[in-house]
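All residue numbers in this chain count up from 1 along the given sequence. As a basis for the values below, the full set of heavy atoms in this structure was taken, side chains included, without hydrogen atoms, waters or symmetry mates.
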Amino acid sequence: MSDDGLVRCGWAIGDLYRDYHDNEWGRPLRDPVALFERLSLEAFQSGLSWLTILRKRENFRRAFDGFDIETVARYTDADVVRLMADESIVRNRAKIEATIANARAAADLGADDLSELLWSFAPAPRHVSLRPADPSEVPSATAESTAMARELKRRGFRFVGPTTAYALMQATGMVDDHLRSCFVAPITG
């Protein structure tokens with residue numbers, strides 16, 4: 001239990017994590033630009049602490065033009081150079097280039113938009129009694145996230161393995177991995 005008397009998932013320690021947990025993580029998100037941002041940030045997080053990404057989030061938003069899909073899809077080599085010089089974000093060329101490639105792939109979806117594609121892999125919502133009781137019960141990947149990653153790669157997305165896809169599913173409410181003891185009410189999409 002925290003100082004405000006609420007029971008949260010064990011990782012929600014510190015103001016930044018707690019705010020993210022209480023107000024964003026696991027909340028259904030369907031806006032394509034917001035989903036593209038989360039997909040991009042999950043890719044940048046690979047191999048790093050999520051806290052690092054949260055601390056740099058506003059810098060990422062500024063550097064990547066608010067993660068506007070059409071704008072990022074038009075980035076050139078000059079933008080890669082600009083981003084590699086930006087000390088306020090994670091400067092990893094492969095991740096930067098993947099973000100641009102992913103924007104192009106998302107822009108190419110056309111009528112089959114990013115939200116529709118991603119949410120097509122969401123499992124049926126589960127009752128609160130079926131939420132994990134302990135962090136050890138939370139998987140790092142599932143059959144659905146593996147299928148999502150496979151389909152995204154088929155469509156030209158990069159840095160989207162099953163673990164990244166599952167983290168995206170958790171962050172955007174496609175799955176509800178708040179612990180049973182957590183105060184957050186069951187979330188439905």
Side-chain angles (χ1 to χ4, degrees), residues 8-13 16-57 60 67 69 90 92 94-95 98-99 101-103 105-106 109 112-182 184-189:
R8 292 178 172 80
C9 298
W11 58 267
I13 298 170
L16 197 54
Y17 266 153
R18 186 157 81 176
D19 183 58
Y20 177 68
H21 170 273
D22 291 1
N23 299 304
E24 286 188 69
W25 191 73
R27 306 276 188 225
L29 186 63
R30 294 185 180 269
D31 175 71
V33 172
L35 285 166
F36 177 64
E37 174 187 335
R38 299 318 187 286
L39 177 66
S40 301
L41 293 178
E42 292 293 347
F44 272 101
Q45 184 274 328
S46 181
L48 302 171
S49 159
W50 183 242
L51 189 57
T52 298
I53 301 305
L54 281 179
R55 286 181 177 145
K56 295 177 178 278
R57 188 176 190 183
F60 275 111
F67 289 98
I69 294 168
V90 173
N92 178 302
K95 292 177 182 181
T99 301
N102 292 350
L109 290 174
D112 182 23
D113 77 0
L114 185 61
S115 180
E116 185 177 318
L117 174 64
L118 295 176
W119 276 89
S120 72
F121 294 96
R126 60 184 171 207
H127 187 270
V128 68
S129 65
L130 298 176
R131 290 184 353 189
D134 183 83
S136 67
E137 296 176 15
V138 177
S140 61
T142 62
E144 293 89 353
S145 72
T146 300
M148 177 191 282
R150 187 177 317 117
E151 181 61 16
L152 288 171
K153 286 179 183 177
R154 188 186 75 75
R155 291 177 182 252
F157 287 80
R158 300 183 344 208
F159 259 93
V160 288
T163 301
T164 298
Y166 193 69
L168 175 71
M169 294 173 88
Q170 290 173 305
T172 60
M174 293 177 207
V175 296
D176 182 1
D177 277 343
H178 284 279
L179 299 180
R180 262 180 252 163
S181 59
C182 181
V184 174
I187 301 165
T188 58

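Put simply, the side chain of P132 does not reach to within 4.5 Å of the side chain of R180, judged on heavy atoms. Side-chain contact between S181 and R8 is absent, with no heavy atoms from C-beta onward closer than 4.5 Å. For the pair F60/V90, a side-chain contact is recorded, criterion being any heavy-atom separation below 4.5 Å from C-beta on. Side-chain atoms of F67 and L39, non-hydrogen and from C-beta on, never get closer than 4.5 Å to each other. Proximity of V184 to H21: side-chain heavy atoms (C-beta onward) are separated by under 4.5 Å at one or more points. Residues L179 and E137 form no side-chain contact, since every pair of their non-hydrogen atoms from C-beta on lies 4.5 Å or further apart. Considering only heavy atoms from C-beta on, E151 comes within 4.5 Å of R155 through its side chain. By the 4.5 Å heavy-atom criterion applied to side chains, D176 and P125 are not counted as neighbours.
Between A106 and I69 the shortest heavy-atom distance is CB-CG2, 3.8 Å. Taking every heavy atom of both residues into account, A98 and R158 meet most closely at N-NH2, 3.5 Å. Of all heavy-atom pairs between S145 and A141, the closest is OG-CA, 3.5 Å. Taking each heavy atom of A149 and P162 in turn, the nearest pair found is CB-N, 3.6 Å.
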Are F121 and M174 close enough, and set up right, to give a side-chain contact (heavy atoms from CB on, under 4.5 Å), and what steps lead you there?
-> CA-CA 8 Å; F121 294 96; M174 293 177 207; 5.9 Å; no

Show your reasoning for whether salt bridge (Lys or Arg N to Asp or Glu O under 4.0 Å) applies to E37 and R57.
-> CA-CA 10 Å; E37 174 187 335; R57 188 176 190 183; 3.0 Å; yes

Any chance you could lay out the side-chain contact (heavy atoms from CB on, under 4.5 Å) test for E116 and L109, step after step, and finish with the verdict?
-> CA-CA 10 Å; E116 185 177 318; L109 290 174; over 6 Å; no

Begin from the C-alpha positions of W25 and D177 and carry the test side-chain contact (heavy atoms from CB on, under 4.5 Å) through to its verdict.
-> CA-CA 9 Å; W25 191 73; D177 277 343; 3.8 Å; yes

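In this structure, R131 contributes its side chain and H178 its backbone to a donor-acceptor pair below 3.5 Å. In this structure a side-chain-to-backbone donor-acceptor pair under 3.5 Å is missing from R18 to A12. With hydrogens and angles disregarded, no donor-acceptor distance shorter than 3.5 Å links the side chain of R38 to the backbone of A171.
If you run side-chain contact (heavy atoms from CB on, under 4.5 Å) between L118 and each of T172, L29, L152, only L152 comes through.
In this model, no donor atom of one side chain and acceptor atom of the other lie less than 3.5 Å apart for S115 and D113. Residues Y17 and D22 bring no donor and acceptor atom of their side chains to less than 3.5 Å of each other.
Atoms CZ and NZ, from F159 and K95 in turn, are 5.5 Å apart once rounded to the nearest 0.5 Å. Distance check: T142 OG1 to M169 CE gives 5.0 Å after rounding to the nearest 0.5 Å.
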Do any side-chain atoms of residues 40-55 form donor-acceptor pairs under 3.5 angstrom with protein atoms, and if so which ones, sequence neighbours left out?
{"from": "S40", "atom 1": "OG", "to": "F36", "atom 2": "O", "distance (Å)": "2.8"}
{"from": "Q45", "atom 1": "NE2", "to": "L48", "atom 2": "O", "distance (Å)": "2.4"}
{"from": "S49", "atom 1": "OG", "to": "L51", "atom 2": "N", "distance (Å)": "3.0"}

